[in-house]
Protein chains: 2
Amino acid sequence: MADPMYRQIAEELRRQIESGELEPGVKLPTELQLRELFDNASRNTVRDAIRSLLTQGLVTTRPGQGTFVAHRIEPFQITLSRDTDTGLGGGEGIAYRSAALAQQRKPEASTPEVKIQAADEVPARELRVPAGTSLICRHQVLRIDKKPWSMQTSFYPIEFAAKAPLLIQAVDIEQGTVRYVAETLGFEQVGYQDQVSARPPNSGEVSFFKLPEAGVVVIETIRTAYERSGQPIRCTVTVWPADRNRLVYNIGEVPKEIASPPPSNDPGNGAG
Amino acid sequence: MADPMYRQIAEELRRQIESGELEPGVKLPTELQLRELFDNASRNTVRDAIRSLLTQGLVTTRPGQGTFVAHRIEPFQITLSRDTDTGLGGGEGIAYRSAALAQQRKPEASTPEVKIQAADEVPARELRVPAGTSLICRHQVLRIDKKPWSMQTSFYPIEFAAKAPLLIQAVDIEQGTVRYVAETLGFEQVGYQDQVSARPPNSGEVSFFKLPEAGVVVIETIRTAYERSGQPIRCTVTVWPADRNRLVYNIGEVPKEIASPPPSNDPGNGAG
DNA sequence: GCAAATTTGTTCGTATGTATT
DNA sequence: CAATACATACGAACAAATTTG
């Protein structure tokens, strides 16, 4: 008599899902059927159980259709340590495209949305300017196979605009901003620090990434890039839904076939 | 008139919390009081709203006491790229202790729990052995300031036991397993790959880390270490509750004062 | 194209249990 | 012990989305 009933129901269903008795994509019994299966529990009690599975990401519900065992998407593996070939930081410019192509996915980047903004807490701290300072802010959405995959916002000191005017224009910078900043301003990116955290998605992220309302979390990376003198030259905040992304860092000597993964033979097809 | 009522209530409360109108630790009105504040909604509707805030990690509830705006714990920042001083991988052995001490926290590691286990999918893939192969499995819990902070399990090929007998004993290995394996087996760790993902905690993790039931997610890192010939010599899976950990990777040249953060002047006091 | 049936989503009311003060 | 406050459980009704005939 330990657990409340809705938990017991959830436990039993979870067991069936994790044991493979209920395979991904399979439709669960309807709420009314589950009611009968579990000691004539109330429909609300059954729903409490299902909600618990929802927040664990084990099932998704579709109004008018039913409750389904969640698919696991084949995650896209993106290397964020420095690419030994391009010398660029992982995930930056070309590196992102080639990583996607290597896994036989079709990468796509939106035209950036550019604003001048008062510095929020994070970019202010990272770029070592007082909060509220105006910053160049370039926001971009990355898609793979037409599906939204990550969302990133880069912040630059406003002074950069004088010599690097493209930064404040809503255009794709062909050679990549890293190289562009180096060429126009002489700030060569010699290193960067990534801070990795994770959290539940906010409502904007839920709708943008079409997350199944609950159960999927996002990883947030804060990358601060430095030039030779030790001055920060860029701060990039990226949001990665955790169901479709896996971040990789290679440190020291790692076998080449591991460092750059071979094409997956199981093309991720997404859900439903 | 778009959103259902419980969402509107949640939105309003969320606004008040994020604007600072309701500060961390402050008690929200009781469910019955909220009922009156919001158009005499049903108590269940108010509870739906609160549950939504719960899963976003914005509030915690305590039976008999009330609903409180969640504290943000001062996250422990742990560098997982190679430590330039010790040469060890971040988070390993000494590196973990010194990182904790540098932030004026008291680190503590449980005596490891050691088993011989059939290889699960992850360690089998990473160590390139068939699933089901016996592996040495060392499980350890790390605490900071007496609170559970992370949980890690390392897997080694079973053959290592012959020359490195301490691996299969439930003892702390003084000099760290990385150095021990190098000295006894001649396998020097020349590099490693970290795979970072995030997910909702399972029920065991919820109870072990005393997570507030929802709203907190865990980061999972899979570290595979390689020796000079390219053979994998260890696979370590670590689970980090995201509310109290922030993972850091330094790539290339990063200013020293950034790479090893100075002691925080705001000692994290945890919740409650 | 429309109507009916099915299924999940929202909202209400009520009663009782359990933890804390 | 009593009061307070959240947790669980039940039943009922209607709404909204989807499929089916």
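Residue numbering restarts at 1 for every chain, and letters A, B, ... go by the order of the sequence lines. Values below: all heavy atoms of this structure, side chains included; hydrogens, waters and symmetry mates excluded.
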**OP:** Let me know, please, whether A:Gly64 or B:Gly66 comes out on the 5' side of the other along DNA chain D by nearest nucleotide.
**Re:** B:Gly66
Subject >> Of residues 36-51 of chain B, the positions that come close to DNA chain C - non-hydrogen atoms, cut-off under 4.0 Å >> reply: B:Ala41, B:Ser42, B:Arg43, B:Asn44, B:Thr45
**OP:** Please list, by residue number, the residues of residues 22-31 of chain B whose heavy atoms come closer than 4.0 Å to an atom of DNA chain C; answer none if no residue qualifies.
**Re:** none
Subject >> Distance, rounded to the nearest Å, where B:Gln65 contributes CD and D:dA3 contributes C1' >> reply: 15 Å
Original post:
When the distance from CG of A:Leu32 to P of D:dG11 is rounded to whole Å, what number comes out?
Top reply: 12 Å
How close do [X] and [Y] get, heavy atom to heavy atom, and via which atoms?
X	Y	result
A:Val141	A:Phe208	CG1-CZ, 3.3 Å
A:Cys235	A:Pro123	SG-CA, 4.1 Å
A:Phe209	A:Val239	CZ-O, 4.0 Å
B:Val248	A:Gln195	CG2-CG, 4.1 Å
B:Tyr6	B:Ala49	O-CB, 3.3 Å

Without swapping roles, check the side chain of [X] against the backbone of [Y] for a donor-acceptor pair under 3.5 Å.
X	Y	answer
B:Arg244	B:Pro148	yes
B:Gln56	B:Ser52	yes
A:Arg35	A:Ala41	yes

Subject >> Segment of DNA chain C, first to last nucleotide, that comes within the 4.0 Å heavy-atom reach of chain A >> reply: C:dT7 to C:dT10
Subject >> From CA spacing to verdict: salt bridge (Lys or Arg N to Asp or Glu O under 4.0 Å), B:Glu126, B:Arg223 >> reply: CA-CA 9 Å; B:Glu126 296 299 323; B:Arg223 170 169 298 183; over 6 Å; no
**OP:** Ignoring backbone atoms, test whether B:Thr61 places a side-chain nitrogen or oxygen under 4.0 Å from the OP1 or OP2 oxygen of D:dA5.
**Re:** no
Original post:
Taking atom types as modelled and ignoring hydrogens, do the side chains of A:Glu12 and A:Gln8 form a donor-acceptor contact shorter than 3.5 angstrom?
Top reply: no
